[in-house]
Number of protein chains: 2
Amino acid sequence: MSGYAPSEAARRSGFSLDTLRYYEKIGLLADVERTTGGQRVFTDDDLGWLVLFRCLRDTGMPIAQMRRYAQLARDGEHTTDERHELLCHHAARVEEQMRLLQRQYDHLREKIRFYERLPGTTPGSEPD
Amino acid sequence: MSGYAPSEAARRSGFSLDTLRYYEKIGLLADVERTTGGQRVFTDDDLGWLVLFRCLRDTGMPIAQMRRYAQLARDGEHTTDERHELLCHHAARVEEQMRLLQRQYDHLREKIRFYERLPGTTPGSEPD
DNA sequence: CTCCAACCTGGAGCGCGCTCCAGGTCAAGC
DNA sequence: GCTTGACCTGGAGCGCGCTCCAGGTTGGAG
């Protein structure tokens, strides 16, 4: 129930093998277990981190910041305030991102309606 | 009321001068007018295109696709269907993007609540 | 024991979207 | 006319986040 081969970890997390190795190399995932032969064994804990990384990545957090977060978590309990703050700041940026996306989506829809109001005749070249 | 110096076009569009030149170089903005001396003069029409490019860019459309759209528009009235379709496809991707962003934002908020439910004591290392 | 697919490493390469640079030109104000 | 800051060009460089490669090792199935 815990101890996944690299390919299985990749499948479950949705990251490629190369990306998993890359994440370990740059210190996002630290101390991934190994077999005696040196092959990686991912734990449920690792998988949990990967889920979090996906969340942060998909919301546009730069890798440097994820690294910082992961490092803080490794540093222990006394960093919870800082981690909390980091996530809150990020959440605020995400909210802004969502507002912008919504606004531009609305523009896009308006532009699309422009094409749908076209009955065949329109002077003027383009935008609007 | 039309005919903007490069710096003014940059200010109004929010793109850098370098980006404006880049957009022209790769054929997004075509045939920007020039003074006799060779300096660019942006029209209201150009500005309109830039607004559209910003919308498409902010919603994640790759430049290659914007180029395609711009080329279609230059090709004339008979491409309106294709342009419409292109924008619709894009809009669908944006909707998916918004759903994903919302979902991951929800995860993020949940994670943040985890920190806020912390009264000071918590066993286990991290995520969740 | 043999095979072969999955894995390992270090390091190079890539695709995107700009951004910066050198070295020169233009044009508005004094 | 001179100065000076905005502008021009072609091309190199960059930051990000992977992705690919060569050349070698591991380990489970048959």
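Residue numbers begin at 1 in each chain, while the letters A, B, ... track the order of the sequences.
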Could you state the [atom1]-[atom2] distance from [X] to [N], rounded to the nearest angstrom?
X: B:Arg34; N: C:dA27; atom1: CZ; atom2: C1'; result: 16 Å
X: B:Tyr4; N: D:dC7; atom1: OH; atom2: P; result: 15 Å
X: B:Glu24; N: D:dC7; atom1: CD; atom2: C1'; result: 13 Å
X: A:Leu20; N: D:dT19; atom1: CG; atom2: C1'; result: 13 Å
X: B:Met61; N: C:dC16; atom1: CE; atom2: C1'; result: 16 Å
X: A:Leu56; N: D:dG17; atom1: CG; atom2: P; result: 12 Å
X: A:Asp18; N: C:dT9; atom1: CG; atom2: C1'; result: 12 Å
X: B:Glu8; N: C:dA28; atom1: CD; atom2: C1'; result: 17 Å

- Message: Side chains of A:Arg99 and A:Gln102 only: does a donor on one sit below 3.5 Å from an acceptor on the other?
- Response: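 Short answer, no.
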- Judged by modelled atom types alone, do A:Glu110 and A:His107 share a side-chain donor-acceptor pair under 3.5 Å?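 Their side chains do not contain a donor-acceptor pair, so the 3.5 Å distance test is not met.
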[N] phosphate, OP1 or OP2, under 4.0 Å from [X] side-chain N/O:
X: B:Thr19; N: C:dT19; answer: yes
X: A:Thr35; N: D:dG27; answer: yes
X: A:Arg21; N: C:dT9; answer: no

Using a heavy-atom cut-off of 4.0 Å across all strands, would you classify [X] as base, sugar-phosphate, or nothing?
X: A:Arg40; result: sugar-phosphate
X: A:Tyr23; result: sugar-phosphate
X: B:Arg57; result: sugar-phosphate

- Relative to the ring of B:His84, is the ring of A:Tyr115 parallel (under 30°), tilted (30 to 60°) or perpendicular (over 60°)?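 Taking B:His84 first and then A:Tyr115, their aromatic rings sit tilted (interplane angle of 30° to 60°).
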- Message: Which is more 5' along DNA chain C, the nucleotide nearest A:Ala5 or the one nearest B:Phe15? Just name the residue.
- Response: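 Whichever sits nearer the 5' end wins; that is A:Ala5.
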- Closer to the 5' end of DNA chain C via nearest nucleotide, is it B:Ile63 or B:Thr36?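 The residue whose closest nucleotide sits nearer the 5' end is B:Ile63.
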- Task: Compare the minimum distances between each of C:dA6, D:dA6, C:dA27 and the side chain of B:Ser7, then state the nucleotide with the smallest one.
- Result: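 That would be D:dA6.
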- Out of C:dC7, D:dC7, D:dG27, which nucleotide sits closest to the side chain of A:Leu17?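 Nearest nucleotide to the side chain: C:dC7.
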- Query: Closer to the 5' end of DNA chain D via nearest nucleotide, is it A:Ser16 or A:Gln39?
  - Reply: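 Here A:Ser16 is the residue nearer the 5' end.
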- Task: Compute both the distance and the angle, then confirm whether A:Lys25 meets the cation-pi test with A:Tyr22: under 6.0 Å from the six-membered ring centre, within 45 degrees of the axis.
- Result: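 Not flagged: A:Lys25 not positioned over aromatic ring of A:Tyr22.
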- Message: Please determine whether a side-chain nitrogen of the Lys or Arg among A:Glu96 and A:Arg93 lies less than 4.0 Å from a carboxylate oxygen of the Asp or Glu.
- Response: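 No, this pair does not count.
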